[in-house]
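Here the structure is laid out as structure tokens; the discussion comes afterwards.
Letters A, B, ... mirror the listed sequences (proteins, then strands); counts begin at 1.
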Number of protein chains: 2
Amino acid sequence: MKQNYQVPAFLTKLWTLVDDSCTNELVCWSEEGCSFIVLDEQRFSKEVLPLYYKHCNMTSFIRQLNMYGFHKVVPLDSGLLKEDGRGDSVEFQHEHFRKDQPHLLTLIHRKVSVSRGVDDAGQISQILVEISQARGWQDSFDFKLMALCRDNESLWRELNSLQQKHQQQHRIICKIMQFIINTVGSKGMKGLKRKLPMIEISGETHSVPKYSRPSDSSVDSNLPSFSMPETPSPQDIPSAV
Amino acid sequence: MKQNYQVPAFLTKLWTLVDDSCTNELVCWSEEGCSFIVLDEQRFSKEVLPLYYKHCNMTSFIRQLNMYGFHKVVPLDSGLLKEDGRGDSVEFQHEHFRKDQPHLLTLIHRKVSVSRGVDDAGQISQILVEISQARGWQDSFDFKLMALCRDNESLWRELNSLQQKHQQQHRIICKIMQFIINTVGSKGMKGLKRKLPMIEISGETHSVPKYSRPSDSSVDSNLPSFSMPETPSPQDIPSAV
DNA sequence: GGGAATATTCCC
DNA sequence: GGGAATATTCCC
């Protein structure tokens with residue numbers, strides 16, 4: 001038995017068996033035609049089901065109903081014993097399962113197992129895309145970081161070189177001072193002698209730079225503390241007017 | 001019909017139907033008992049299959065055989081017309097499907113759809129592992145980057161400080177020069193005057209630092225070019241002994 | 001021979 | 001009511 005459209009066999013068979021007036025005492029439409037009622041589960045499962053499906057189990061039938069989104073209709077007087085002889089009946093309903101409107105069956109869709117199936121493939125491929133993107137960012141990041149490291153490396157070298165030049169210059173200034181004090185001062189320049197002592201001359205205490213780069217301790221931020229000898233301010237030198 | 005062990009219904013039914021001597025003219029064991037032969041596909045599918053399964057299609061039967069890892073036995077004289085009346089026969093074999101040894105059935109396992117199910121879980125968990133690793137790398141990266149940034153910051157500060165000290169030193173040297181030339185030179189120190197000209201005196205041309213921090217041009221490695229005024233070496237200065 | 005959708009069973 | 005394994009169908 002084949003179905004014409006995209007409607008699964010279960011649905012067309014269901015509509016057919018509910019609509020079949022020959023089995024109305026076992027299964028039928030509700031009064032409004034918006035649901036169907038199985039009047040006698042026992043006889044229905046043994047006599048009707050095997051005519052349409054490959055089994056005669058009410059549970060398997062209900063499993064399929066749930067797979068297609070049908071719901072059991074809970075009567076208002078549930079829990080009470082019925083007196084109309086329909087105590088064994090169950091009613092099922094689906095928005096698009098209607099008497100006289102079999103074309104609505106195309107709107108009923110079987111549930112796909114949510115955790116697997118089509119959904120997974122999409123999710124996984126999306127995750128893979130995102131991971132690959134992240135790896136790209138990481139790489140460009142790596143590149144920038146390495147560039148920054150090289151930059152820093154050069155900066156430290158320049159700073160070190162400058163530092164040494166500064167030390168040297170300081171020593172020279174000290175020697176000049178010494179020279180002026182010793183040579184010029186001894187020739188009788190009293191005024192100059194008074195003004196120079198505040199210039200620090202002990203340049204040799206700085207011959208070993210207090211600052212040297214930490215021996216490549218990766219990228220820690222233990223910065224060496226500079227303590228450059230203070231050079232006298234220009235005001236300490238006699239104006240050369 | 002229930003199976004006792006963990007053996008799927010398909011396998012126990014298969015072994016039973018092959019072993020059943022009542023249907024030997026339609027299906028039977030091979031001579032060695034290591035495979036089974038369907039002698040008449042047409043009659044087998046219509047008469048035997050529905051006795052055990054919910055269908056009478058040879059293709060569905062073969063689909064299940066494949067799902068359990070059975071393989072068609074290709075006879076050596078395949079392609080030739082048979083004369084023993086077995087032209088319609090097919091033979092299937094599985095390592096653990098043997099006559100007189102139904103206990104081996106427990107070793108036969110149904111294939112799980114490779115692209116889904118168990119496999120997916122593995123892929124997903126591997127992806128999660130990779131993501132977690134990446135996050136770890138990123139974190140250590142972040143840490144290093146921040147350290148480097150602090151390091152760099154300090155470098156700039158030190159460099160700036162050194163620069164200022166250098167400027168100041170330079171101004172002092174200029175003043176000393178001026179002082180020597182104006183004061184000492186006018187008092188007749190000819191010898192000194194001859195040795196000093198190589199020292200640059202135009203200190204004011206350096207009042208605006210040639211070097212200044214590039215305005216946060218991210219992380220490029222365009223290092224600023226230092227051009228400090230060269231200071232004369234100590235040998236150029238008369239010893240102050 | 002096997003992928004994938006639907007169907008049936010089993011189990012929580 | 002629904003997850004998951006197995007079974008059946010459909011299709012390549």
Side-chain angles (χ1 to χ4, degrees), chain A residues 1-17 45-46 48-74 78 90-94 105-106 108-122 124, chain B residues 1-17 38 45-46 48-74 78 90-94 105-106 108-121 124:
Chain A
M1 192 180 288
K2 296 251 185 187
Q3 68 273 24
N4 351 11
Y5 314 97
Q6 316 297 32
V7 182
F10 174 78
L11 292 177
T12 56
K13 290 177 178 177
L14 177 63
W15 197 91
T16 302
L17 77 83
S45 59
K46 303 310 171 202
V48 178
L49 282 183
L51 298 177
Y52 297 88
Y53 305 109
K54 293 177 182 293
H55 65 85
C56 44
N57 305 314
M58 191 64 186
T59 53
S60 293
F61 177 65
I62 292 174
R63 184 72 194 87
Q64 280 284 69
L65 289 174
N66 289 327
M67 285 296 289
Y68 282 96
F70 282 75
H71 292 283
K72 185 189 270 189
V73 177
V74 182
S78 72
V90 275
E91 186 172 350
F92 285 93
Q93 166 272 340
H94 186 290
L105 294 181
T106 55
I108 303 180
H109 300 292
R110 194 174 200 270
K111 292 173 185 170
V112 290
S113 70
V114 185
S115 60
R116 296 278 181 271
V118 180
D119 205 42
D120 257 9
I124 287 182
Chain B
M1 190 181 288
K2 295 249 184 186
Q3 66 273 22
N4 351 13
Y5 314 97
Q6 316 297 31
V7 181
F10 174 78
L11 291 177
T12 55
K13 290 177 179 177
L14 177 65
W15 197 90
T16 303
L17 77 84
V38 173
S45 59
K46 303 309 172 201
V48 179
L49 282 183
L51 299 176
Y52 296 88
Y53 306 107
K54 292 178 182 294
H55 65 85
C56 44
N57 304 314
M58 191 65 186
T59 53
S60 293
F61 177 65
I62 293 174
R63 184 73 195 88
Q64 280 285 67
L65 289 174
N66 289 327
M67 284 297 287
Y68 282 97
F70 282 76
H71 291 283
K72 184 188 269 188
V73 177
V74 182
S78 73
V90 275
E91 185 172 351
F92 285 94
Q93 165 272 339
H94 187 291
L105 294 181
T106 55
I108 302 178
H109 300 292
R110 194 174 200 271
K111 293 172 185 171
V112 289
S113 71
V114 186
S115 59
R116 298 279 181 274
V118 180
D119 203 45
D120 258 7
I124 289 180

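The distance from atom CZ of Phe70(B) to atom P of dG2(C) is 14 Å, rounded to the nearest whole Å. In this entry the distance linking CD of Gln6(A) with P of dC10(D) reads 14 Å, nearest Å. Spacing between atom NE2 of His55(A) and atom C1' of dT8(D) amounts to 12 Å, rounded to whole angstrom units. Atom-to-atom, CZ of Arg110(B) to C1' of dT9(C) comes out at 12 Å; the value is rounded to the nearest Å. If you take CZ of Arg63(B) and C1' of dC12(D), they are 12 Å apart, rounded to a whole angstrom. When rounded to the nearest whole Å, the span between CD1 of Ile62(A) and P of dG2(D) equals 13 Å. Rounded to whole Å, the distance from CE on Met67(A) to P on dA7(C) is 9 Å. If you take CZ of Phe92(B) and P of dG2(C), they are 12 Å apart, rounded to a whole angstrom.
Within the structure, every side-chain polar atom (N or O) of Asn57(B) is placed at least 4.0 Å from both OP1 and OP2 of dT8(D). Between Lys72(B) and dG1(C), a side-chain N or O to OP1/OP2 separation shorter than 4.0 Å is absent. Distances shown here put a side-chain N or O of Lys111(B) below 4.0 Å from the OP1 or OP2 atom of dG2(C). Residue Lys13(A) has no polar side-chain atom (N or O) positioned under 4.0 Å from OP1 or OP2 of dA7(C).
In terms of position along DNA chain D, the nucleotide closest to Asn66(A) lies nearer the 5' end than the nucleotide closest to the other residue of the pair Ser60(B) and Asn66(A).
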Practice problem: Step by step, work out the side-chain contact (heavy atoms from CB on, under 4.5 Å) result for Leu49(A) and His55(A). | Solution: CA-CA 7 Å; Leu49(A) 282 183; His55(A) 65 85; 4.1 Å; yes
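For Phe70(B), the ring-ring contact (aromatic ring centres under 6.0 Å, His included) partners two or more places apart in sequence, or in a different chain, are His94(B), Phe97(B).
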Less than 3.5 Å apart, which donor and acceptor atoms pair up between the side chains of residues 59-67 of chain B and the rest of the protein, not counting sequence neighbours?
unit_1: Gln64(B); atom_1: OE1; unit_2: Arg110(B); atom_2: NH2; d: 3.0
unit_1: Asn66(B); atom_1: ND2; unit_2: Ile62(B); atom_2: O; d: 3.3

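Minimum heavy-atom separation, Pro50(A) to Ser45(A): CD-O, 3.2 Å.
Here the options are Phe92(B), Phe10(B), Trp15(B), the test is ring-ring contact (aromatic ring centres under 6.0 Å, His included), and the partner is Tyr68(B); only Phe10(B) passes.
Comparing atom distances between the Gln64(A) side chain and each of dT9(D), dA7(D), dA7(C) picks out dA7(C) as nearest. Listed nucleotides dA4(D), dT6(D), dT9(D) differ in distance to Tyr68(B); the shortest reach to its side chain belongs to dT6(D).
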